[in-house]
Amino acid sequence: MKIAQIQLKNFKRFTDLRIDLGNSAPKLVLLIGANGSGKSGVFDAFEFTSKYHDRVEHRRWQGRKVEKYYFKKEGESQIKLTFNNSGYYWSIVNDDGSLESVNSGANLNELSFYGRSAVRYLPRITRTVLGETIDVASNSDKPAYYIDVDVRFENDIDILAKRVLDQILKAIGNFSEVKDLHITQFEEVTIFLGKVNGAFSRVFGENTATSLKFMGPLTPADGESTKLMFSKGETQNMNYDLLSSGEKEVVNILFNLFVRTPIYQDTIYFFDELDAHLHTSLQYNLLKEIVENWIPDHCQIWTATHSLGFIQYAQSSADAAIIDFDNHDFDLPVVLSPQKTQEILASFILLPK
């Protein structure tokens with residue numbers, strides 16, 4: 001299920017914004033524009049809607065008023081999402097901060113939202129013990145608001161490290177019983193290494209000076225933190241802490257998707273600044289990798305960006321739309337629709353230069 005149209009009334013900085021993607025509802029929607037132009041406000045609408053739409057989140061929010069001054073302008077605030085099957089979901093924030101919603105359309109109850117804020121960078125891993133088991137299905141570790149720090153990467157590491165440890169213990173147990181160690185007992189570990197290293201080779205290149213390969217996690221021991229070990233060039237045991245900022249961003253996103261996408265199969269994914277810290281060529285490679293190999297085809301991914309590489313990929317894709325937030329007065333009603341290649345090149349490259 002994919003979003004075909006969004007309408008935001010008196011929400012964030014928008015008096016009446018409508019984004020019309022047409023009936024095709026592409027898999028990738030790229031939001032571009034200057035800082036402060038309103039791109040992340042769309043993701044706030046997704047985050048707000050998910051709080052009320054999701055059953056677990058609904059129970060948490062039931063009987064509680066939202067922080068209305070963060071979300072709304074004066075007057076009744078409305079969020080209307082129309083999907084490609086003509087179903088819609090309509091949320092209303094009343095003046096007193098209370099919530100209402102209207103849900104109409106087949107299978108909308110199965111829809112979910114999954115977003116990552118731009119504040120997700122982790123310079124080093126600090127946990128010295130494996131944390132409590134995270135309920136991935138309920139997304140219980142997501143930030144309270146979209147502007148908050150997103151700490152899910154360390155939880156993803158915990159989950160993966162526990163899986164590796166479980167597989168080792170199972171293998172040892174089976175070996176002691178039948179004296180025969182089958183490779184299938186490490187199947188999940190093997191699948192993960194193959195998937196993530198295949199992605200690294202497509203993003204960073206293969207057999208180059210910047211090629212990166214994940215060797216595996218080392219669980220906490222003797223008061224030390226969990227380690228993620230990589231090889232790069234002739235260096236065979238490089239810890240995550242020594243990676244560059246751009247490498248860490250790619251690791252963060254791909255590990256998170258490996259853990260979460262099996263749960264979120266009919267989902268609107270939204271990511272702020274996926275391109276953070278990345279060179280232009282890597283920006284193109286990363287977005288191509290995520291859209292084509294990690295996000296299920298029946299899902300939709302939205303991302304806000306300042307990246308020329310992302311724009312180039314979206315222009316080359318038959319299943320993508322670019323929405324430009326620049327040069328609009330959002331105190332007035334505004335309708336945005338996908339832009340043509342020539343218009344994007346002019347607004348994003350030539351005019352600023």
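The basis for the numbers below is simple: all heavy atoms, side chains too, and nothing from hydrogens, waters or symmetry mates.
Side chains of Phe11 and Asp44 form a contact here, defined as non-hydrogen atoms less than 4.5 Å apart. With contacts defined as side-chain heavy-atom distances shorter than 4.5 Å, the pair Phe310/Ile322 does not qualify. For the pair Asn10 and Thr15, the minimum side-chain heavy-atom distance is below 4.5 Å. Side-chain contact between Met215 and Asn237 is absent, with no heavy-atom pair separated by less than 4.5 Å. In this structure, Tyr313 and Val291 have side chains that are in contact, with non-hydrogen atoms separated by less than 4.5 Å. In this structure, the side chains of Gln7 and Gln78 stay at 4.5 Å or more apart for every pair of heavy atoms. Using a 4.5 Å heavy-atom cutoff, the side chains of Pro26 and Leu21 are in contact. For the pair Leu243 and Leu228, the minimum side-chain heavy-atom distance is 4.5 Å or more.
Note on ring orientation: taking the six-membered ring where Trp is involved, the planes of Tyr269 and Phe271 are parallel (angle under 30°, cut-offs 30° and 60°).
Of the N and O atoms on the side chains of Thr305 and Thr303, not one donor lies less than 3.5 Å from an acceptor on the other residue. A donor and an acceptor atom, one from each side chain of Arg152 and Asn139, are located under 3.5 Å apart. Ser117 and Asp150 are not linked by any side-chain donor-acceptor pair at a separation below 3.5 angstrom, with hydrogens and angles left out of the test.
Judged purely by atom type and a 3.5 angstrom limit, Ser225 uses its side chain to pair as donor or acceptor with the backbone of Ile125.
Both Phe330 and Phe46 belong to a single network of hydrophobic side chains, linked directly or stepwise wherever heavy atoms of I, L, V, M, F, W or Y lie under 4.5 Å apart. A single hydrophobic cluster is seen to contain both Ile79 and Val334, as judged by linkage of ILVMFWY side chains at heavy-atom distances under 4.5 Å, directly or through other members. There is no path of hydrophobic side-chain contacts, each under 4.5 Å, that joins Ile323 to Val335. Linking Ile, Leu, Val, Met, Phe, Trp and Tyr whenever their side-chain heavy atoms come within less than 4.5 Å puts Val196 and Leu242 in one cluster.
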Throw together a table of side-chain donor-acceptor distances under 3.5 angstrom for residues 246-256, partners on residues two or more places apart or in other chains.
{"from": "Glu247", "atom 1": "OE1", "to": "Ser244", "atom 2": "N", "distance (Å)": "2.8"}
{"from": "Glu247", "atom 1": "OE1", "to": "Ser244", "atom 2": "OG", "distance (Å)": "3.3"}
{"from": "Glu247", "atom 1": "OE2", "to": "Lys232", "atom 2": "NZ", "distance (Å)": "2.7"}
{"from": "Lys248", "atom 1": "NZ", "to": "Pro123", "atom 2": "O", "distance (Å)": "2.5"}
{"from": "Lys248", "atom 1": "NZ", "to": "Asp241", "atom 2": "O", "distance (Å)": "3.1"}
{"from": "Glu249", "atom 1": "OE1", "to": "Arg120", "atom 2": "NE", "distance (Å)": "3.3"}
{"from": "Asn252", "atom 1": "OD1", "to": "Arg116", "atom 2": "NH1", "distance (Å)": "3.2"}
{"from": "Asn252", "atom 1": "OD1", "to": "Arg116", "atom 2": "NH2", "distance (Å)": "3.0"}
{"from": "Asn252", "atom 1": "ND2", "to": "Arg120", "atom 2": "O", "distance (Å)": "2.9"}
{"from": "Asn256", "atom 1": "OD1", "to": "Tyr114", "atom 2": "OH", "distance (Å)": "2.8"}
{"from": "Asn256", "atom 1": "OD1", "to": "Arg116", "atom 2": "NH1", "distance (Å)": "3.3"}
{"from": "Asn256", "atom 1": "ND2", "to": "Tyr114", "atom 2": "OH", "distance (Å)": "2.9"}
{"from": "Asn256", "atom 1": "ND2", "to": "Asp156", "atom 2": "OD2", "distance (Å)": "2.7"}

Quiz: residues 283-290 side-chain donor-acceptor pairs under 3.5 angstrom, not counting sequence neighbours:
{"from": "Gln283", "atom 1": "OE1", "to": "Ser307", "atom 2": "OG", "distance (Å)": "2.4"}
{"from": "Gln283", "atom 1": "OE1", "to": "Gly309", "atom 2": "N", "distance (Å)": "3.2"}
{"from": "Gln283", "atom 1": "NE2", "to": "Leu278", "atom 2": "O", "distance (Å)": "2.9"}
{"from": "Tyr284", "atom 1": "OH", "to": "Ser316", "atom 2": "OG", "distance (Å)": "3.4"}
{"from": "Asn285", "atom 1": "ND2", "to": "Val203", "atom 2": "O", "distance (Å)": "3.1"}
{"from": "Asn285", "atom 1": "ND2", "to": "Ser281", "atom 2": "O", "distance (Å)": "3.4"}
{"from": "Lys288", "atom 1": "NZ", "to": "Glu292", "atom 2": "OE1", "distance (Å)": "3.1"}
{"from": "Lys288", "atom 1": "NZ", "to": "Glu292", "atom 2": "OE2", "distance (Å)": "3.2"}
{"from": "Glu289", "atom 1": "OE1", "to": "Arg202", "atom 2": "NE", "distance (Å)": "2.6"}
{"from": "Glu289", "atom 1": "OE1", "to": "Asn293", "atom 2": "ND2", "distance (Å)": "2.9"}
{"from": "Glu289", "atom 1": "OE2", "to": "Arg202", "atom 2": "NH2", "distance (Å)": "3.0"}
{"from": "Glu289", "atom 1": "OE2", "to": "Asn293", "atom 2": "ND2", "distance (Å)": "3.4"}
{"from": "Glu289", "atom 1": "OE2", "to": "Trp294", "atom 2": "NE1", "distance (Å)": "2.8"}

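Around atom NZ of Lys2, more than 12 heavy atoms belonging to other residues, nucleotides or ligands sit under 6.0 Å away. In Arg13, the CZ atom is crowded: over 12 heavy atoms of neighbouring residues, nucleotides or ligands sit closer than 6.0 Å. Within a 6.0 Å radius of CG in Asp329, other residues, nucleotides and ligands contribute more than 12 heavy atoms.
Residues Phe192 and Phe258 bring their aromatic ring centres within 6.0 Å.
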Could you go through the side-chain contact (heavy atoms from CB on, under 4.5 Å) check for His298 and Gln265 one step at a time?
CA-CA 8 Å; His298 51 278; Gln265 286 293 304; 4.0 Å; yes
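Closest of all the heavy-atom pairs between Asp324 and Asp326 is OD1-N, 3.0 Å. Contact detail for Lys39 and Leu31: the closest heavy-atom pair is CD-O, 3.4 Å.
Grouped by direct or indirect side-chain proximity (heavy atoms under 4.5 Å, Ile/Leu/Val/Met/Phe/Trp/Tyr only), Val149 sits with Val119, Val151.
When the options Phe48, Phe270, Trp302, Phe113 are evaluated for a ring pair (Phe, Tyr, Trp, His ring centres under 6.0 Å) with Phe43, the one that passes is Phe270.
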